[in-house]
Amino acid sequence: MKEQEQAYQSTQPTPQDVVMDIRDLHIAFGSNVVLDGFELQLHKGECKVVLGRSGSGKSVLIKCIIGLLKPDSGSITVMGKDILNMDHEELDKMRMRIGFLFQSNALYDSMTVRENLEFPMRRHHIDLADQTAEQRILEALENVGLEHTIDMMPVELSGGMKKRIALARTLILKPDIILYDEPTSGLDPVTSREIAHLITEVQKKYKTSSIVISHDMSCVHTVADKIAVLLDGKKRAEGTYSELAKSDIKEVKEFFE
Amino acid sequence: MQLPKSLQAFLQEAGNLAAFTGRFFREAFRPRYEWREFIRQCFIIGYKSLPLIGVTGFIMGLVLTMQLRPSLVDYGVEAQLPAMVSLAIIREIGPVITALIFAGKIGSSIGAELGSMKVTEQIDAMEVSGTNPFKYLVVTRVAATTLMLPVLVILSDAISIYGGYLGVNIKANTSWSLFIKQVFEILDFSDVIPAVIKTFFFGFAVGMIGCYKGYNSKKGTEGVGASANTAVVLSSLVVFIIDLVAVQVTDLLGLN
Ligand SMILES: Nc1ncnc2c1ncn2[C@@H]1O[C@H](COP(=O)(O)OP(=O)(O)OP(=O)(O)O)[C@@H](O)[C@H]1O
Ligand SMILES: [Mg+2]
């Protein structure tokens, strides 16, 4: 019966307001099975948190979404397009619409903050007059409250500032979807809270849809519309914060204690 | 039959490096070309190693001359000193020593730079920003080392020969023009050309191995350190191996 249900689900068409539809995703590295039939739907304007323990494959999941890793099987549809069967050009176009905030920020060490923000625009061949480009950079920095760092090098920034600059660099292309990989890891509680609020602000201001990977429960509480729990490579539960806090699945409840 | 673990690891590593090199040739000759980054790398790589290579080249020429003199005096051919020194420098010592210093300086810095870019996801970030990181990082650097090392070797040779001139003049009194005349009398194209050609291979090996080690760096700061370190060790070794092959080839071609 249960199998029938699943089979039925995975042939169902994607509803209109779903901007991302992940189905039956499998990926393994050698004998290490990381994702084993994971699925997830992201609705327009929604902020969905994927909760999972360290090493459960959360980073692997979003790297599959952006095409950095190729899953063994399954499908990922973003804004109606199949990510997994794209040629390089299509994928690059899609990547302009999906922002990615890396777990380790991934700011280019050898470039100033300005050059870091310029890089995605220049490389995606977004032809802007010098003035407009500069304006965009300033706007992105303004959003994260760090206009004064524009000529600094990444090494001169604190962890929280780096995270904000990385977010600014993600925002510069005005993506429709943003993927956040543990946006508050390694930050103190106060800075974490600030970043969490920043994420909700960005969400409202640019009407983006987001997937946030996290196990920082205060951040999760602030940003999440819905939470999906990743366990043993599958989606074990999904619901709002208060729904899941009352869950009687032991592994799910543990996060909320 | 089971191969010993260390041999297996070695073969695996050699295979991976060969595959990485193959990828270099596939990507290098297909657009889009990263000219800006290539020129920037040439400048950085050349400029960064210039002082070190200049100083070591000078000392090398000076010391070599001072060391050779007693033996030549013993044989009564002291007049051959400029010729001997310049031959040794141009044919062997200049290219090899310069390449080794280059491996230490540039190989390690490429290994460390790409290694830390890898572990802090900067390489992934490039890829999602519409950039082929292999072209942008690896192809440009390897092309730059391949091109710049020969230039550095020629400079180093020139400075060494000048060091040799000073070395000769410690005990004797030779004019610069006489010294240079003696040098060019003995030097032949068959000395210079193979020596310069092999430096392209040295430069290629140093860049390739530095990039390979960095690009495949293991997670963590330790991994980055290890990449830088093994890049130097391996590329130094490969410089000697190429040197060995080069001497056989020139011999076979009758260029000796
Ligand atoms: N490129 C790769 N090659 C091989 N194994 C990998 C690779 N990337 C990830 N893995 C493995 O996949 C598993 C999940 O890794 P992942 O980085 O997704 O964990 P995570 O849930 O993001 O954990 P964390 O909270 O620590 O970031 C780990 O066992 C890891 O070793
Ligand atoms: Mg992770």
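Quick note on labels: first sequence line is chain A, next is B, and so on, each numbered from 1.
Looking at A:Q103, both its backbone and its side chain come within 4.5 Å of chain B, counting heavy atoms on both sides. Of the two parts of A:L107, only the backbone, made up of N, CA, C and O, holds a non-hydrogen atom closer than 4.5 Å to a non-hydrogen atom of chain B.
A donor-acceptor contact shorter than 3.5 Å is absent between the side chain of A:R123 and the backbone of B:E127. Of the possible polar contacts, none joining the B:E121 side chain to the A:F102 backbone as a donor-acceptor pair under 3.5 Å is found. Without hydrogens or angle criteria, A:Y108 side chain to B:M117 main chain gives no donor-acceptor distance under 3.5 Å.
More than 12 heavy atoms of other residues, nucleotides or ligands sit less than 6.0 Å from atom CG of A:D176. Applying the 6.0 Å contact sphere to CG of A:N32 captures more than 12 heavy atoms from other residues, nucleotides or ligands. Residue B:F58 places its CZ atom among more than 12 non-hydrogen atoms of other residues, nucleotides or ligands, all under 6.0 Å distant. Within a 6.0 Å sphere centred on CZ of B:F201, heavy atoms belonging to other residues, nucleotides or ligands number 12 at most. No more than 12 heavy atoms of other residues, nucleotides or ligands shown are found within 6.0 angstrom of CD on B:E222. Residue-environment remark: OH (A:Y206) exceeds the threshold of 12 foreign heavy atoms within 6.0 Å. Atom OH of B:Y33 has more than 12 heavy atoms from other residues, nucleotides or ligands within 6.0 Å.
When side chains are defined from C-beta on, B:R36 counts as touching A:R122, because their heavy atoms get closer than 4.5 Å. Side-chain contact between B:D124 and A:F100: absent, with no pair of heavy atoms (C-beta onward) separated by less than 4.5 Å.
To the nearest 0.5 Å, atoms CZ (A:R95) and OG1 (B:T131) are separated by 10.0 Å. The distance from the CE atom of A:M121 to the OG atom of B:S129 is 11.0 Å, given to the nearest 0.5 Å.
Contacts of residues 43-72 of chain A with chain B at a heavy-atom distance below 4.5 Å involve A:K63, A:I66, A:L68, listed in sequence order.
Taking each heavy atom of B:V128 and A:H124 in turn, the nearest pair found is O-NE2, 3.4 Å. Residues B:G130 and A:D92 share a closest heavy-atom pair of CA-OD1, 3.6 Å.
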